[in-house]
Amino acid sequence: MPELPEVETIVRGLREIVLGKKIKVVKIVPSRVLQSSISSFKRNLIGKKIKGAKRRGKNIILKLSSGNFLLVHLGMTGHLFFLDKPAPLGKHDHIDLIFSDNSSLRYNDIRKFGKFKLVKSSSIEKVEDLKSLGSEPLEISKDNFARLLQRRRGRIKSTLLNQKVVAGIGNIYADEVLFEAKIYPEEKAFNICSDRLKKLHQAIGKILKEAIKAGGSSVDNYLDLEGKKGFFQFHHKIYGKKGEPCPRCRTKIKKMVLNQRSSYFCPNCQKKL
DNA sequence: GTCGATGTTATCAA
DNA sequence: TTTGATAACATCGA
């Protein structure tokens with residue numbers, strides 16, 4: 001669910017809502033989500049203020065007044081919610097950071113694939129989770145992007161999903177950008193000419209930016225900090241559209257499984273080379 | 001009741 | 001090093 005545009009939307013919300021707030025109480029339901037010890041997690045958060053919020057790939061990085069960081073990854077079903085007044089923890093709520101004004105930032109995650117981790121370091125980028133990440137897709141130049149992908153031997157969609165190559169693209173946006181650039185998802189990356197790869201780079205920029213503007217895509221259950229849905233799902237052209245006519249050529253959209261992930265494509269617009 | 005599918009990544013084997 | 005298969009987990013729908 002949460003890919004780059006959704007995570008970016010959440011981070012922007014955090015900047016508006018929780019910056020400057022001081023953590024008063026930390027509630028934790030023990031689970032694999034919390035990657036630090038409960039005692040050290042609480043000790044290092046209570047009394048600290050939230051000083052900054054940024055995104056790297058699909059990771060959320062909160063900076064604390066102590067200089068430490070709180071690293072959050074939403075996994076597949078993780079949600080952060082801002083509550084303006086106290087409420088008891090519900091099902092699948094795992095962590096609640098309660099601020100001095102009694103508002104709180106709550107983490108809910110049905111499948112518990114998400115991660116919460118305290119990072120005691122001033123060089124957050126060197127942390128294991130972040131240092132192996134590839135380029136930000138909205139920052140890499142089109143020449144570097146083309147060069148990077150041309151030495152990859154795997155299939156183009158797998159490569160786009162590989163966070164070590166580019167960080168932030170997930171299953172939905174991978175399908176959307178490949179459709180936009182008219183590339184067959186199973187095409188080997190190195191088979192694609194650099195002009196086409198530059199088109200792909202352009203498609204990534206266009207679609208991710210539009211999606212951010214739309215507040216992300218709410219497929220299934222993505223919600224922003226205030227529980228509101230994004231609306232980029234209404235702009236999806238290919239993802240989830242099996243059997244519907246391609247918006248470009250009216251050919252029936254197909255679905256196949258690639259790396260155990262569903263992949264939607266137009267067999268006419270996205271042909272094997 | 002059972003099976004398969006669902007946006008994530010870590011881990012392991014080839 | 002790179003790539004692909006599998007597992008972690010809970011829920012929903014056929």
Side-chain angles (χ1 to χ4, degrees), chain A residues 1-10 29-35 55-60 71-80 90-95 107-117 127-134 137 148-179 185-191 207-208 211-212 214-224 229-243 254-265:
Chain A
M1 166 208 21
E3 305 181 30
L4 188 151
E6 291 76 39
V7 176
E8 180 66 26
T9 301
I10 290 168
V29 178
S31 77
R32 59 189 307 118
V33 168
L34 182 61
Q35 306 265 298
R55 180 191 60 74
R56 175 75 175 97
K58 300 173 193 169
N59 294 272
I60 298 168
L71 185 59
V72 179
H73 194 292
L74 301 173
M76 210 144 123
T77 51
H79 290 101
L80 278 175
K91 198 172 186 186
H92 307 307
D93 287 339
H94 301 103
I95 295 171
Y107 185 69
N108 174 285
D109 190 347
I110 294 179
R111 293 175 70 179
K112 291 183 277 200
F113 292 169
K115 301 248 184 308
F116 250 70
K117 186 187 282 190
V127 170
E128 199 59 46
D129 308 62
L130 300 180
K131 76 176 181 198
S132 55
L133 290 179
L148 182 63
L149 292 216
Q150 261 180 332
R151 52 184 168 77
R152 285 277 154 175
R153 307 157 54 95
R155 292 172 291 197
I156 184 66
K157 182 169 173 187
S158 315
T159 307
L160 288 179
L161 290 175
N162 184 342
Q163 303 298 300
K164 294 183 172 109
V165 180
V166 284
I169 297 174
N171 200 39
I172 295 173
Y173 293 101
D175 278 4
E176 292 296 325
V177 300
L178 288 172
F179 173 73
E186 288 194 306
E187 194 62 65
K188 299 280 185 186
F190 62 77
N191 272 342
I207 287 173
L208 293 184
I212 291 170
S217 302
S218 288
V219 173
D220 234 21
N221 61 0
Y222 164 74
L223 298 171
D224 73 7
K229 290 187 175 188
F231 50 91
F232 194 68
Q233 64 276 17
F234 302 121
H235 301 267
H236 290 175
K237 290 182 173 159
I238 199 89
Y239 180 82
K241 310 266 184 206
K242 179 186 171 188
K254 277 194 170 177
K255 176 183 176 176
M256 65 179 170
V257 175
L258 196 161
N259 289 16
Q260 351 289 91
R261 319 286 296 275
S262 52
S263 289
Y264 299 87
F265 67 104

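Model, not experiment: these values are computed from the prediction. Order of the sequence lines sets the chain letters (A, B, ...), proteins ahead of strands, with each chain counted from 1.
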Residues that D224(A) engages under side-chain hydrogen bond (donor to acceptor under 3.5 Å, both in side chains), provided they are two or more places apart: none
Nearest 0.5 Å, please: how far is NZ in K188(A) from CG in L149(A)? 14.5 Å
Please enumerate all residues that pass side chain to side chain contact (heavy atoms under 4.5 Å, CB included) together with L148(A), with sequence neighbours excluded. I140(A), R151(A), V165(A)
By nearest-nucleotide position on DNA chain B, the 5'-leaning member of Y264(A) and H73(A) is Y264(A)
For E186(A), side chain to side chain contact (heavy atoms under 4.5 Å, CB included) partners two or more places apart: R155(A), Y184(A), M256(A), L258(A)
Quick one: stems for DNA chain B, with Watson-Crick or G-U pairs under 3.5 Å, at least three in a row? B:2-6 with C:10-14, B:8-14 with C:2-8
K131(A): what forms a salt bridge (charged side-chain N to carboxylate O under 4.0 Å, His left out) with it, not counting sequence neighbours? E128(A)
Please list, chain by chain and in numerical order, all residues satisfying side chain to side chain contact (heavy atoms under 4.5 Å, CB included) with F116(A), sequence neighbours excluded. V33(A), L34(A), F41(A), L70(A), V72(A), L80(A), I95(A), Y107(A)
Between C1' on dT11(B) and NZ on K115(A), what's the gap in Å once rounded to a whole number? 12 Å
Can you name the residues that form a side chain to side chain contact (heavy atoms under 4.5 Å, CB included) with S132(A), not counting sequence neighbours? K164(A)
Give one of base, sugar-phosphate or nothing for K58(A), where a contact means two heavy atoms less than 4.0 Å apart. sugar-phosphate
To the closest 0.5 Å, what do you measure between CG (L160(A)) and CZ (R152(A))? 11.0 Å
Residue set satisfying side-chain hydrogen bond (donor to acceptor under 3.5 Å, both in side chains) with S158(A), at least two apart, ordered chain then number -> N259(A)
How does protein contact run along nucleotides 8-14 of chain C, one letter per nucleotide 5' to 3', with B for base contact, S for sugar-phosphate only, - for none, heavy atoms under 4.0 Å? BBBS---
Write out all pairs satisfying salt bridge (charged side-chain N to carboxylate O under 4.0 Å, His left out) with one or both partners inside residues 232-243 of chain A, taking only residues at least two apart or from two chains. E180(A)-K237(A)
d(CG, N171(A); C1', dT6(B)) in whole Å: 10 Å
Review item, nucleotides 1-5 of chain C N/O atoms under 3.5 Å of protein N/O:
from, atom 1, to, atom 2, distance (Å)
dT3(C), OP1, R153(A), N, 2.7
dT3(C), OP1, G154(A), N, 3.0
dT3(C), OP2, R152(A), NH1, 2.4

Y239(A) or D129(A): which one's nearest nucleotide on DNA chain B is closer to the 5' end? Y239(A)
Applying ring-ring contact (aromatic ring centres under 6.0 Å, His included), name anything that partners H236(A), two or more places apart in sequence or on another chain. F232(A)
